[in-house]
Amino acid sequence: MTKAEKTAISPTREQDFPEWYQQVIRAAELAEPSDVRGCMVIRPWGFGIWENMQRQLDAMFRATGHRNAYFPLFIPLSYFAKEAEHVEGFAKECAIVTHSRLEVDAEGKMKPSSPLTEPLVVRPTSETIIGASYAKWVQSYRDLPILLNQWCNVVRWEMRPRLFLRTTEFLWQEGHTVHETEAEAREETQRMLGVYETFARDHCAIPAFAGEKSESEKFPGAVQTMTIEAMVQDRKAIQAGTSHFLGQNFARASGIQFQNREGKQEFGWTTSWGMTTRMVGTVVMAHADDDGVVLPPRIAPTQIVILPITPKEETRGQVLEACDKLAAQLRANKYANLPLEVEIDRRQFGGGVRNWEWIKKGVPIRVELGPRDLEKNSVELSRRDQPVKGKQSTVTGEFVSRAPEILGSIQQNLYQRALKFRDANTRTIDNKEEFYDFFTPKNPAKPEIHGGFALAHWNGSREIEDKIKNDLKVTIRCIPVSDSEPGRCIFTGQASKKRVVWAKAY
RNA sequence: CGGGCUGUGGCUCAGCUUGGUAGAGCGCCUCGUUCGGGACGAGGAGGCCGUGGGUUCAAAUCCCACCAGCCCGACCA
């Protein structure tokens with residue numbers, strides 16, 4: 001660049017949010033579109049974030065009694081077809097394997113051959129194939145509960161892919177459990193919802209509304225779907241994790257039956273719950289600014305980057321040595337019970353190019369260490385949650401001992417900022433006109449960032465949901481778990497048990 | 001999957017109307033001066049113009065088909 005730009009990312013969030021999002025992902029080298037339609041390449045920095053999420057969530061699953069296992073990628077069509085509502089929900093987005101060989105034809109082109117007797121569906125989710133195993137494993141109430149999770153990829157043939165938010169293939173975890181009683185299964189559903197809410201809040205610094213999906217938004221085949229809904233910076237909602245109470249629907253379809261304490265045959269009560277790589281996109285949209293990604297320290301692949309400043313050849317050795325020493329001291333420290341993730345960037349670039357790369361990547365703390373600092377025994381410290389030009393001279397020893405505390409403060413600050421943003425854009429609405437006004441952009445041709453979450457009463461009917469979706473593209477994101485007083489539906493005047501969360505959504 | 005727009009070095013795009021053998025800026029490489037907030041100079045590499053067919057002496061440019069991407073709908077974690 002010949003001229004310094006005002007912001008590292010253009011357009012800005014205000015100018016064009018969807019385009020800004022794409023540019024941030026690219027500038028930070030999180031991921032890029034691949035040659036395969038709808039599929040993305042997750043680059044090391046993006047995958048590092050996912051690996052941290054994975055490791056931390058996995059520990060939470062273990063702590064709640066779950067173990068990991070792995071089930072096949074391919075699901076026989078007949079398995080998949082066992083649960084009618086389930087099939088209907090996924091039918092339109094399945095990839096199906098129909099052949100087992102490639103042959104070269106007369107023109108030299110590759111063609112599939114050897115048709116399979118039974119086509120295989122590439123898993124869009126694994127209820128049915130896991131159910132088949134569970135049916136074999138469960139005979140007595142003594143075999144229950146089964147509490148398993150798998151980390152894997154799934155395929156849903158989506159029509160409009162967006163990096164991380166909606167891709168044809170994505171990575172996730174899916175937990176699948178079987179219980180002896182309805183109460184236990186319902187309890188499990190709530191427990192895992194709680195895990196997701198905690199994870200989003202404490203690890204990703206994202207406040208979320210936890211609640212129940214309406215009938216029209218729930219998982220195909222579920223009795224009840226619970227969700228956590230986060231707000232991102234264009235004030236839209238995004239589903240960041242789900243937990244389903246499946247009743248006996250899938251147990252009946254898969255034949256998961258056991259002899260209960262009374263000696264009678266009974267179907268198991270199952271749950272399933274998942275969180276996906278979409279969370280990486282959610283973190284970007286929730287925290288990133290016009291200079292790039294801003295990462296919560298707990299999920300940052302690198303928490304502190306050390307930038308050696310080596311203007312003169314004669315001091316370079318000394319500076320690098322000091323950087324190594326600093327890195328070693330920092331790594332001996334812990335934040336959130338894990339050693340600090342520290343990296344030294346030794347590349348010799350002119351100007352601030354190197355610095356800006358790390359700003360765009362969102363590393364929480366940048367530390368410059370040069371000859372002048374060496375003399376003063378200090379470092380220049382920059383926090384990504386503060387304006388990018390800010391720099392603070394700190395005595396090295398003090399920085400080393402305070403680093404975990406600073407990371408904690410950044411983590412907290414990001415959460416508080418996100419919470420404040422969400423609360424500022426969440427409105428309690430008690431009449432239809434205000435509701436319509438809230439969700440109508442001033443410039444329909446190129447809608448500005450508008451709306452947010454509306455907490456409003458609703459009569460519980462599908463008709464109203466459909467009408468609002470049709471009129472405003474607004475849907476019920478969830479029926480919150482938290483209490484609220486009864487009232488009157490703002491669209492019909494009919495009785496309403498509690499306020500529900502309305503928003504435009506990803 | 002329906003409607004609209006777009007495919008030209010890594011990125012953003014000009015050239016296409018009026019066919020004549022490919023350009024700019026940024027990025028990249030080399031050398032030098034620089035380096036504590038997106039540096040400067042000089043030199044250099046890199047494109048069968050999305051794919052396939054057609055028209056023509058000649059196609060990035062005209063015609064047809066297909067593929068991909070973006071936006072708007074429907075669908076979704």
Side-chain angles (χ1 to χ4, degrees), chain A residues 1-10 16 18-19 22-23 26-27 32-38 88-94 124-125 154-162 164-174 196 213 216-220 225 227-230 237-244 272-282 291-292 307-313 315-316 319 347-360 366-374 376 378-380 382 387-391 393 444-447 469-470 473 475 505-506:
Chain A
M1 300 270 160
T2 42
K3 290 175 190 170
E5 291 175 6
K6 278 182 195 158
T7 57
I9 306 297
S10 71
D16 186 344
E19 183 60 25
Q22 310 256 60
Q23 295 301 332
R26 184 162 51 164
E32 62 190 26
S34 76
D35 291 343
V36 186
R37 195 195 139 86
E88 205 185 318
F90 285 103
K92 279 180 273 181
E93 50 188 53
C94 285
T125 179
V154 286
V155 166
R156 296 182 188 175
W157 213 261
E158 298 292 351
M159 292 302 138
R160 265 181 77 184
R162 301 190 68 191
F164 287 112
L165 303 182
R166 194 190 301 106
T167 48
T168 299
E169 179 189 17
F170 59 94
L171 306 182
W172 77 347
Q173 58 67 216
E174 47 180 327
Y196 291 143
K213 282 293 189 190
S216 63
E217 296 266 334
K218 77 175 170 57
F219 176 74
T225 290
T227 176
I228 58 167
E229 298 282 329
I238 185 162
Q239 182 170 331
T242 51
S243 183
H244 314 290
S272 68
W273 27 274
M275 180 175 280
T276 80
T277 36
R278 171 182 263 196
M279 196 64 183
V280 178
T282 304
D291 290 314
L307 304 170
I309 307 294
T310 55
K312 292 169 192 158
E313 199 50 48
T315 51
R316 183 169 160 79
V319 169
R347 294 174 303 167
Q348 288 181 277
F349 286 157
V353 173
R354 191 179 51 172
N355 196 25
W356 276 101
E357 268 190 32
W358 290 105
I359 292 170
K360 287 185 280 193
R366 306 187 303 284
V367 176
E368 291 180 11
L369 203 168
R372 296 211 294 265
D373 304 299
L374 227 47
K376 293 188 296 181
S378 66
V379 295
E380 293 287 340
S382 304
V388 291
K389 284 179 186 169
K391 207 153 77 166
S393 183
K446 190 177 178 292
K469 186 172 178 180
N470 196 40
K473 294 173 206 160
T475 50
Y506 277 96

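Note on naming: letters A, B, ... go to the chains in the order of the sequence lines (proteins, then strands), and numbering restarts at 1 for each one.
- For the pair A:Phe170 and B:A77, the ring geometry qualifies as stacking, because the centroid separation is below 5.5 Å while the planes lie within an angle under 30°.
- Candidate nucleotides B:A77, B:G36, B:A39 were compared by shortest atom distance to the side chain of A:Thr167, and B:A77 ranks first.
- Residue A:Gly38 is classed as a sugar-phosphate contact, given heavy-atom separations below 4.0 Å to backbone atoms only.
- Annotation: the span from A:Thr125 atom OG1 to A:Glu174 atom CD amounts to 4.5 Å, rounded to 0.5 Å.
- Of all nucleotides present, none satisfies the Watson-Crick or G-U wobble test against B:G36 with each distance under 3.5 Å.
- Counting atom types as modelled, A:Arg156 pairs no side-chain N or O with a base atom of B:C76 as donor and acceptor under 3.5 Å.
- Of the listed nucleotides (B:U12, B:A77, B:C71), B:C71 has the atom at the smallest distance from the side chain of A:Pro18.
- A:Arg354 comes within contact range of no nucleotide atom at all, as no heavy-atom separation falls under 4.0 Å.
- Within 4.0 Å (heavy atoms only), A:Arg366 reaches at least one base atom of the nucleic acid.
- Of the candidates B:G36, B:U12, B:G37, B:G36 carries the atom nearest the A:Ile309 side chain, counting heavy atoms from C-beta on.
- Counting non-hydrogen atoms under 4.0 angstrom, A:Phe349 reaches a base of the nucleic acid.
- Among the heavy atoms of the strands, none lies under 4.0 Å from A:Gln348.
- When both distances must be under 3.5 Å, the Watson-Crick or G-U wobble mate of B:A24 is B:U12.
- In terms of polar N and O atoms assigned as donor or acceptor, the side chain of A:Asn355 never comes within less than 3.5 Å of the base of B:G38 in a complementary pairing.
- Distance A:Glu169 CD to B:C76 P: 21 Å, rounded to the nearest Å.
- Distance from the side chain of A:Ile359 is smallest for B:G37 among the nucleotides B:C35, B:G38, B:G37.
- Heavy atoms only, all atoms of each residue included: A:Ile228 and A:Tyr196 are closest at CD1-O, 3.6 Å.
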